[in-house]
Novice: 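This is the structure I want to talk about, given as C-alpha cells.
Note that this is a predicted model, so its numbers are computed, not measured. Throughout, protein chains are lettered first and strands after them, A, B, ... in sequence-line order, and every chain is numbered starting at 1.
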There are 2 protein chains.
Amino acid sequence: MSQEGVDLDKSLGYLLKEASSALRAAMEEVLRPLGMSVTHYACLELLAQRPGLSNSELARGAFVTRQTMNVLLRSLERDGDVTRPAEAPVGKVLPTRLTPRGRRRLEQATAAVRSVEVRMLAGMTESDQADAFRILKGMVHSLRDSTASS
Amino acid sequence: MSQEGVDLDKSLGYLLKEASSALRAAMEEVLRPLGMSVTHYACLELLAQRPGLSNSELARGAFVTRQTMNVLLRSLERDGDVTRPAEAPVGKVLPTRLTPRGRRRLEQATAAVRSVEVRMLAGMTESDQADAFRILKGMVHSLRDSTASS
DNA sequence: CAACGTATGTCAGGATACTGACATGAGTCA
DNA sequence: TGACTCATGTCAGTATCCTGACATACGTTG
C-alpha cells in the first residue's frame, strides 16, 4: 500500500509552477533597472491594448485584487504614467488611460520583456508554440469551469 | 511606427501565468477545507519523496524563501506533522522528516490535489501531456540558463 | 416604481512573504 | 594552518498582498 503521492518531477502542475516562476523571475530581473515590477508592466500593457479599462478589469487582467491594483494606479497616476477622470462619467467606473509618458515607459518595458520572451521561446518550433498555446488554453478552461461550479 | 507591444491574448507568457494562477486557485480551494495552503502541501509532498530535506532545499522546491519555509516548518513541527533534530548532525543542516501524522495529512491533501489535476488533464491526450512536458521543461531550461548568466 | 442582485471604488486591519543582516559550519586553496 | 568563499539557519524590519466591510451605481424583475 505504498501511497506514492504525486511525483513532483513528473507532475505537470509542478512544472507549470516552475515555468511560471522562472518567467516571472526573469521578467522582474529585466524590469528592475527600469524601476518597474511585473504587475506594473502588466497594467501598462493592458491599458495600451484596451484603453479605458477600469480598476477592477485591470486587476483581473493582472491577477491581483482590486485593492492592490488601486494602490498601483495611484502611484502610476502620481508619476504621470496614467490618467483617470476625477469623477466617473457613468456609474462608478473610472476609465484609465495611458499618458504619453506612460506610453514611453511601456515601450522601454516592452523591449526588456520581449528579450525575455525571445529567450523563453528559444528552442521551440512554431508548432511547439502552437501546441503550447492550445494545451494551456485548454487547461485554463478546464480549471475555470470546474472551479466556478464548486 | 505603431508600437504594438505584446498582444496579451496571444502571449505565451501571459497564458502561462493564467494557467498557473488558475491551477493555484483551484488547489487553494480544495486544500482550504483541510486547513492547508499550497506551500503547505508542497512542503509535505517534497518531504514524502525526499525525506531528510533541509529547510533551504524545501524552500527552493516550494518556490519560497528560506525564511518563509522556516516559519512554515515551525508550525508544521508544532502541529506534529514533521520532526527536526534539535541539533544538526552535520554542519548547520537540520534534516526534516514526516511524522505518521504528517503522512496522513499528506494523504488527504494528495487526494484533494489529485482531483484538481484530473480536471486539469481532462481533454488532454497522452501525447498532449507529453508535449506539454517537453515544452515546459525546455522553457524552464532556457530561462534558468539566461537568468543565471546575466 | 421599488426591491433585489451584482459590480465597482475605497477604507481599515491583518496575514503573508520578502529583503537585509548576522553568526556558524564546510569546502577550497595557497 | 589560515584566509577565502559559499551555503545554511535564524533574527529583525519592511513591503506586499489579501480578507472583510461599506456606500454607491447600474440592470433587472416583480
Novice: Rounding to a whole Å, what distance do you find between A:L72:CG and D:dA15:P?
Specialist: 16 Å
Novice: Quiz question: by atom type and distance under 3.5 Å, do the side chains of B:Y14 and B:E18 form a donor-acceptor pair?
Specialist: no
Novice: Can you check the B:R60 CZ to D:dG9 C1' distance for me, whole Å?
Specialist: 13 Å
Novice: To the nearest 0.5 angstrom, please state how far the CZ atom of B:R134 sits from the CE atom of A:M124.
Specialist: 8.5 Å
Novice: Has A:R74 got a side-chain N or O lying under 4.0 Å from the OP1 or OP2 atom of C:dC11?
Specialist: yes
Novice: Side-chain contact, heavy-atom cut-off 4.5 Å: A:N55 with A:L94?
Specialist: no
Novice: Decide, yes or no, whether a salt bridge links B:R24 with B:E29 under the criterion of side-chain N to carboxylate O below 4.0 Å.
Specialist: no
Novice: Just the rounded figure in Å: distance from C1' of C:dT10 to CG of A:L73.
Specialist: 13 Å
Novice: Hey, mind stepping through A:T110 and A:Y41 against side chain to side chain contact (heavy atoms under 4.5 Å, CB included) and telling me if it holds?
Specialist: CA-CA 8 Å; A:T110 299; A:Y41 161 72; 4.0 Å; yes
Novice: In whole Å, what is the span from the CD atom of A:E28 to the P atom of C:dC18?
Specialist: 11 Å
Novice: With heavy-atom distances below 4.5 Å as the criterion, would you say the side chains of A:T96 and A:L53 are in contact?
Specialist: no
Novice: Hey, does the side chain of B:R84 come within less than 4.0 Å of D:dT8's phosphate (OP1/OP2), counting only N and O?
Specialist: no
Novice: Between A:P100 and A:R104, is any pair of side-chain heavy atoms under 4.5 Å apart?
Specialist: yes
Novice: Measure across A:L73 and A:C43 and return the closest heavy-atom pair with its distance rounded to 0.1 Å.
Specialist: CD2-SG, 3.9 Å
Novice: Specify the separation, in whole Å, of atom CG of B:L53 and atom P of D:dG9.
Specialist: 10 Å
Novice: How many Å lie between CG on A:L94 and P on C:dA7, as a whole number?
Specialist: 18 Å
Novice: Identify each atom pair where a protein N or O and an N or O of nucleotides 25-29 of chain C are less than 3.5 Å apart, giving names and distance.
Specialist:
| unit_1 | atom_1 | unit_2 | atom_2 | d |
| --- | --- | --- | --- | --- |
| C:dA26 | OP1 | B:G91 | N | 3.4 |

Novice: Between protein and nucleic acid, restricted to nucleotides 18-21 of chain D and to nitrogen or oxygen atoms under 3.5 Å apart, what atom pairs and distances do you find?
Specialist:
| unit_1 | atom_1 | unit_2 | atom_2 | d |
| --- | --- | --- | --- | --- |
| D:dC18 | OP2 | A:T65 | N | 3.2 |
| D:dC18 | OP2 | A:T65 | OG1 | 2.9 |
| D:dC18 | OP2 | A:T68 | OG1 | 2.7 |
| D:dG20 | O6 | A:Q67 | NE2 | 2.7 |

Novice: Side chains of B:E117 and A:S11: donor-acceptor distance under 3.5 Å anywhere?
Specialist: yes
Novice: May I ask you to evaluate whether A:N70 reaches the phosphate of C:dT10, defined as a side-chain N or O under 4.0 Å from OP1 or OP2?
Specialist: yes
